[in-house]
Protein chains: 2
Amino acid sequence: MALFDLLGRSWALGVVWQLSNGGMTFRQIQESCEKVSPTVLNRRLKELTTSGIVERGASGYQLTATGLELFGILKPFGTWSTKWAESLPKDDLHE
Amino acid sequence: MALFDLLGRSWALGVVWQLSNGGMTFRQIQESCEKVSPTVLNRRLKELTTSGIVERGASGYQLTATGLELFGILKPFGTWSTKWAESLPKDDLHE
DNA sequence: ATATATCGCTACGAAAAAAGTAGCAAGAAA
DNA sequence: TTTCTTGCTACTTTTTTCGTAGCGATATAT
């Protein structure tokens, strides 16, 4: 349940998702996440770092081995979500 | 990304997780989630309902077919999270 | 050296979300 | 009728997030 607490915060899942493409700079993440406020992004990155999911590397922030493992689990959401989105009226996504 | 927005709200993942055990009443969910405030629980349930993940049945709230499918994807988190929790100092879970 | 640009990040006020507590209306049971 | 439980709303306080501005550090160019 602590995992859901961590990942259930704003942008946490999005950051992990984005970082799966490789290392990104702070501002790159910021832009790819539809402009997250730097305050929150910084907080999420710190949380994910002390949780051993994200680390800093040569090319900026990147997933740790553990983080990549987590992304492996997260991956199926991608395909599932497109199916799911089609089964809904567009407006429902904004509630 | 809309999926992460929906599931990245407080208790959303927790509710889906709890409901996987079968139908639950409003108050049962409330207690199993370490006392979520009714305000938020009600909102999450409405969101998940209009998103076709949760529905109301004879025994209270329950997952739809789509919801069960989602839980199938969510399931691996369970085993992964225990491993993950062990690889961390206890305190890190509270940040 | 000076100017320019990009980087990670902090500060700060406003807005939104969640917590926490109380309690109501409806239905079932005694 | 009284008593319970259930789903849920109301209301206030606390926490989180947003949105914008901008600093200090490093790099690159002039």
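Model, not experiment: these values are computed from the prediction. Chain naming here is simple, since letters A, B, ... match the order of the sequence lines and numbering starts at 1 in each.
Nucleotide D:dG7 holds its P atom 13 Å from the CD atom of B:Q62, rounded to whole Å. If you measure from atom CZ of B:R9 to atom C1' of D:dT17, you get 13 Å, rounded to the nearest angstrom. Between the CD1 atom of B:I29 and the P atom of D:dT6 there is a distance of 12 Å, given to the nearest Å. In this entry the distance linking CG of A:L41 with P of D:dT17 reads 12 Å, nearest Å. For the pair A:L45 CG and D:dT17 P, the interatomic distance rounds to 13 Å; values are reported in whole Å. Following rounding to the nearest Å, A:R27 (CZ) and C:dC9 (C1') show an atom-to-atom distance of 8 Å.
Between C:dG8, D:dC11, D:dC8, one nucleotide has an atom nearer to the side chain of B:P38 than all others, and that is D:dC8. Of the candidates D:dT17, D:dC8, C:dC9, D:dC8 carries the atom nearest the B:F26 side chain, counting heavy atoms from C-beta on. Here the side chain of B:R56 is nearest to one of C:dA19, D:dC8, C:dA18, namely D:dC8.
Across all strands, B:R43 comes closer than 4.0 Å only to sugar-phosphate atoms, never to a base (heavy-atom distances). Contact annotation for B:T39: base contact, defined as any heavy-atom pair under 4.0 Å involving a base atom.
Look at B:W11 and you'll find a side-chain N or O under 4.0 angstrom from OP1 or OP2 of C:dA19. The shortest distance between the side-chain N/O atoms of B:S37 and the OP1/OP2 oxygens of C:dG20 is not below 4.0 Å. Regarding contacts with the backbone of D:dT9, a side-chain N or O of B:K46 is found under 4.0 angstrom from either OP1 or OP2. In this structure, B:R44 reaches the C:dA18 phosphate: one of its side-chain N or O atoms is under 4.0 Å from OP1 or OP2. The phosphate of D:dT9 has OP1 or OP2 within less than 4.0 Å of a side-chain N or O from B:N42. Within the 4.0 Å cut-off from OP1 or OP2 of D:dC8, at least one side-chain nitrogen or oxygen of B:Y61 is found.
Ranked by how close their nearest DNA chain C nucleotide is to the 5' end, A:E31 and B:V40 are led by A:E31. Projected onto DNA chain D by closest heavy-atom contact, B:Q30 and A:V36 fall at different nucleotides, the more 5' of which corresponds to B:Q30.
Counting heavy atoms from C-beta on, the side chains of B:V54 and B:T64 never come closer than 4.5 Å. Side-chain atoms of A:L7 and B:F77, non-hydrogen and from C-beta on, do get closer than 4.5 Å to each other.
Remark: the B:R44 side chain and the B:S10 side chain contain an N/O donor-acceptor pair separated by less than 3.5 Å.
The base of C:dG8 is not paired with the side chain of A:T25 by any donor and acceptor separated by under 3.5 Å.
Test B:V36, B:V40, B:L48 against B:V15 for side-chain contact (heavy atoms from CB on, under 4.5 Å) and you get one pass: B:L48.
Under a 3.5 Å cut-off, the side chain of B:T25 and the backbone N or O of B:G60 do not form any donor-acceptor pair.
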